[in-house]
Amino acid sequence: MEKLNIGIHLESSNEIKFIINTPEEDINTEKLKYGYLNVITPNSEDKTINITSGIQYLYNENPVLECHYSFTFKYEENINGSVVIENENEIKINQDILNIIISVAIGAIRGIMIARTIGTNISKYPLPIIGMEELLESIKISK
């Protein structure tokens, strides 16, 4: 197997939105739901990939927690390994790199949520472990 020699690192992270409005009463887990969205924007000129991850918790159909962050990854590639391939009809991102940046983004969001919900009723319900297949289904890739 040929080594691709692709390097990638987290260049920056920025908070877009964080809102917490948890109920005072103990939370009934049957009424607590969550959803997430990941938008990936590659820039092959700058050799960056931006991922915007958002998590929302609903309780009784009302938002009680929203956490949206933007993460920018910088990559380097050699002639044997392409991270982003763009043409007029589609954008392709190396699957291994895609898995890594999604895992890093969701892990960071999980840590932020744990730290920022300490002392609230929602702190007992951290973001569950989400399978990579489910995460990949949530991906929107934009130019």
Side-chain angles (χ1 to χ4, degrees), residues 1 3-78 81-143:
M1 181 192 314
K3 190 173 180 179
L4 296 180
N5 294 324
I6 295 172
I8 189 161
H9 68 272
L10 179 62
E11 187 170 73
S12 66
S13 63
N14 296 298
E15 182 177 285
I16 296 169
K17 181 179 192 180
F18 190 91
I19 298 172
I20 187 166
N21 187 21
T22 59
E24 295 296 321
E25 74 269 7
D26 285 338
I27 292 176
N28 177 345
T29 56
E30 293 176 8
K31 297 179 180 180
L32 184 64
K33 297 176 180 151
Y34 73 94
Y36 51 89
L37 176 67
N38 295 293
V39 177
I40 296 180
T41 309
N43 184 331
S44 54
E45 290 178 18
D46 291 346
K47 301 241 183 264
T48 60
I49 300 173
N50 182 273
I51 179 167
T52 302
S53 292
I55 306 293
Q56 183 182 58
Y57 277 34
L58 297 176
Y59 185 65
N60 287 329
E61 304 302 322
N62 297 312
V64 292
L65 176 68
E66 288 188 49
C67 184
H68 298 259
Y69 273 75
S70 173
F71 303 94
T72 300
F73 294 85
K74 184 93 173 154
Y75 64 88
E76 297 173 12
E77 57 193 0
N78 69 12
S82 293
V83 174
V84 177
I85 299 170
E86 293 184 57
N87 62 43
E88 291 181 21
N89 299 325
E90 65 182 345
I91 300 171
K92 291 183 180 180
I93 300 174
N94 176 290
Q95 189 66 45
D96 292 333
I97 298 299
L98 190 59
N99 291 351
I100 290 167
I101 65 173
I102 292 169
S103 295
V104 169
I106 293 298
I109 292 261
R110 182 177 288 111
I112 291 164
M113 288 173 58
I114 289 169
R116 301 227 12 216
T117 61
I118 291 173
T120 68
N121 287 338
I122 204 83
S123 67
K124 300 172 192 167
Y125 307 97
L127 185 64
I129 301 297
I130 305 166
M132 189 54 67
E133 284 183 19
E134 187 177 350
L135 283 172
L136 289 173
E137 289 174 9
S138 78
I139 297 294
K140 307 287 185 241
I141 297 179
S142 67
K143 287 192 174 189

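All figures in this text were calculated on a predicted structure; none of them were measured in a lab.
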*Looking at residues at least two apart in the chain, or sitting in another chain, which of them share a side chain to side chain donor-acceptor pair (under 3.5 Å) with Thr117?*
none
*Excluding sequence neighbours, so at least two apart, what forms side chain to side chain donor-acceptor pair (under 3.5 Å) with Lys47?*
Glu77
_Run the salt bridge (Lys or Arg N to Asp or Glu O under 4.0 Å) test against Lys33 and tell me which residues pass, sequence neighbours left out._
Glu61
_For the CD1 atom of Ile55 and the CG atom of Leu65, what is their distance to the nearest 0.5 Å?_
9.0 Å
_Closest approach of His68 to Gly54 (non-hydrogen atoms, all atoms of both residues)_ = ND1-CA, 3.4 Å
*asked:* If the condition is side chain to side chain donor-acceptor pair (under 3.5 Å), which residues does Thr48 pass it with, not counting sequence neighbours?
replied: none
*May I have the step-by-step check of side chain to side chain contact (heavy atoms under 4.5 Å, CB included) for Ile27 and Ile122, ending in yes or no?*
CA-CA 8 Å; Ile27 292 176; Ile122 204 83; 3.8 Å; yes
_Residue pairs involving residues 100-115 (criterion salt bridge (charged side-chain N to carboxylate O under 4.0 Å, His left out); sequence neighbours excluded)_ = none
_Ile112 CD1 to Leu127 CG distance, which is reported to the nearest 0.5 Å_ = 11.5 Å
_Separation between OG of Ser53 and CD1 of Ile16, rounded to the nearest 0.5 Å_ = 8.5 Å
*asked:* Using side-chain heavy atoms (C-beta onward) and a distance below 4.5 Å, is Ile106 in contact with Asn38?
replied: yes
_Contact check, side chains of Ile19 and Pro63, non-hydrogen atoms, under 4.5 Å_ = no
*asked:* Which residues pass the side chain to side chain contact (heavy atoms under 4.5 Å, CB included) test with Asn28, not counting sequence neighbours?
replied: Glu30, Lys31, Tyr59
*List the atom of Val64, the atom of Pro23, and the distance in Å for their closest heavy-atom pair.*
CG1-CD, 4.0 Å
*Run the side chain to side chain contact (heavy atoms under 4.5 Å, CB included) check on Ile97 and Ile49 step by step: do they pass?*
CA-CA 10 Å; Ile97 298 299; Ile49 300 173; 4.3 Å; yes
*Just do the side chain to side chain contact (heavy atoms under 4.5 Å, CB included) check on Ile101 and Phe71 with the steps written out, would you?*
CA-CA 9 Å; Ile101 65 173; Phe71 303 94; over 6 Å; no
*asked:* Show every side-chain hydrogen bond (donor to acceptor under 3.5 Å, both in side chains) that has at least one partner inside residues 9-25, sequence neighbours left out.
replied: Glu15-Tyr69, Glu15-Arg116, Lys17-Glu66
*Are a donor atom and an acceptor atom from the side chains of Thr41 and Asn43 found within less than 3.5 Å of each other?*
no
*Could you tell me whether a side-chain N or O of Tyr57 sits under 3.5 Å from a main-chain N or O of Tyr125, the two making a donor and an acceptor?*
yes
*Mind listing the closest non-hydrogen atom pair of Phe18 and Cys67 along with its distance?*
CD1-SG, 3.7 Å
_Restricting to non-hydrogen atoms, name the atom on Pro42 and the atom on Ile40 that form the minimum distance, rounded to 0.1 Å._
CD-O, 3.7 Å
